[in-house]
Amino acid sequence: MKSRRQNVILSIIESRDVETQEELIDALRSEGFNVTQATVSRDIRELKLTKVTAENGKYKYVLPGVKKAMARSHVYSTISASVISVECAMNTVVIKTYPGMAPAVATGIDSHAIEGVVGCIAGDDTIFVAVDSIENANNARREIRKLIEA
């Protein structure tokens, strides 16, 4: 019964935004489960569901992996919207951004794990990406440009 109920919970949160435990209880009851708030709370904890901000500005329950995917999506859109240019200077990639955006873009680049990238130094609107070779710098520049176009 428990695993069936938890599968239904997953199905519910995948098919629509559920903001509160009360909404989840109502949805489960409409599926034929006679549940209490304590049971639903325990299921949420066991399933490791978390709340994230939905597109409409309200909260919704999601699986932990979904939260990471959403965060990754935000990082890519930040990179795409913030970068003005990407150029190579020997084994360094120089990225120009709009003012104030360099730290966020550098964080996104660091999290992308581009081959040969040793690290990033971000100012207000410029990032220096240290790369282990000139060849890898050119590859890193191409990868960063792909992120911008994503």
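Side chains are part of it too, since the values below use all heavy atoms of this structure and drop only hydrogens, waters and symmetry mates.
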Worksheet item: Quick one: does Gln37's side chain get under 4.5 Å of Gln21's, heavy atoms only?
Response: yes
Practice prompt. Compare every heavy atom of Gly123 with every heavy atom of Pro103, then report the nearest pair and how far apart it is.
Written response: CD-O, 3.4 Å
Discussion item. Keeping Asn91 on the side-chain end and Val131 on the backbone end, is there a donor-acceptor pair under 3.5 Å?
Written reply: yes
Discussion item. The test is side chain to side chain contact (heavy atoms under 4.5 Å, CB included); show your working for Leu49 and Val62 and say whether it passes.
Written reply: CA-CA 5 Å; Leu49 300 180; Val62 296; over 6 Å; no
Worksheet item: At what distance, to the nearest 0.5 angstrom, does CD1 of Ile114 lie from CG of Asn139?
Response: 10.0 Å
Worksheet entry | Side-chain heavy-atom pair Arg5, Val35 within 4.5 angstrom cut-off | yes
Worksheet entry | Between Ser85 and Lys96, a side-chain donor and acceptor under 3.5 Å | no
Worksheet item: Passes side chain to side chain donor-acceptor pair (under 3.5 Å), Asn7 versus Arg4? Steps please.
Response: CA-CA 5 Å; Asn7 283 331; Arg4 188 169 158 264; over 6 Å; no
Discussion item. For Asp125 versus Pro99, what's the shortest heavy-atom pair and its separation?
Written reply: CB-CA, 4.0 Å
Worksheet item: Are more than 12 heavy atoms from other residues, nucleotides or ligands located less than 6.0 Å from atom CD of Glu135?
Response: no
Discussion item. Are Cys88 and Asn138 packed together at the side-chain level, in the sense that at least one heavy-atom pair is separated by less than 4.5 angstrom?
Written reply: yes
Worksheet item: Hey, does Glu115 have a side-chain heavy atom less than 4.5 Å from the side chain of Asn136?
Response: yes
Item to complete: Test side chain to side chain contact (heavy atoms under 4.5 Å, CB included) on Thr20 and Leu24 and set out the steps.
Response: CA-CA 7 Å; Thr20 65; Leu24 191 51; over 6 Å; no
Discussion item. Under 4.0 Å between a side-chain nitrogen and a carboxylate oxygen: does that hold for Arg16 and Glu23?
Written reply: no
Worksheet item: Can you check whether Val93 reaches Glu87 side chain to side chain, under 4.5 Å on heavy atoms?
Response: no
Worksheet item: Do Phe128 and Met101 sit in the same hydrophobic cluster, where Ile, Leu, Val, Met, Phe, Trp and Tyr count as joined when their side-chain heavy atoms come under 4.5 Å apart?
Response: no
Discussion item. Quick one, Thr126 and Ile95 - any side-chain contact, counting heavy atoms below 4.5 Å?
Written reply: no
Worksheet entry | Min side-chain heavy-atom separation Val129-Thr92 under 4.5 Å | no
Worksheet item: Are Ile25 and Phe33 grouped together when hydrophobic residues (ILVMFWY) are joined by side-chain heavy atoms under 4.5 angstrom apart?
Response: yes
Worksheet entry | Within 6.0 Å of CD1 in Ile121, more than 12 heavy atoms from elsewhere | no
Worksheet item: Any chain of hydrophobic side-chain contacts (each under 4.5 Å) joining Val117 to Ile148?
Response: yes
Discussion item. Is there a side chain to side chain contact (heavy atoms under 4.5 Å, CB included) between Leu63 and Lys48? Walk through the geometry before answering.
Written reply: CA-CA 7 Å; Leu63 287 167; Lys48 296 180 176 32; over 6 Å; no
Practice prompt. Establish whether Leu10 and Val18 are linked, either directly or via other cluster members, by ILVMFWY side-chain heavy-atom contacts under 4.5 Å.
Written response: yes
Worksheet item: Going by heavy atoms in the side chains, are Gln6 and Glu46 under 4.5 Å from each other?
Response: yes
Worksheet item: Does Glu149 pair with Lys146 as a salt bridge, N-O distance under 4.0 Å?
Response: no
Worksheet item: To the nearest 0.5 Å, what is the distance between OH (Tyr98) and CD1 (Ile84)?
Response: 5.0 Å
Fill in: Over all atoms of both residues, closest heavy-atom pair of Tyr61 and Glu19
CE1-O, 4.0 Å
Worksheet entry | Heavy-atom closest pair, residues Val86 and Arg145 | O-NH2, 2.6 Å
Fill in: Intermediate values then yes/no, side chain to side chain contact (heavy atoms under 4.5 Å, CB included), Ile127 and Val94
CA-CA 6 Å; Ile127 304 164; Val94 180; over 6 Å; no
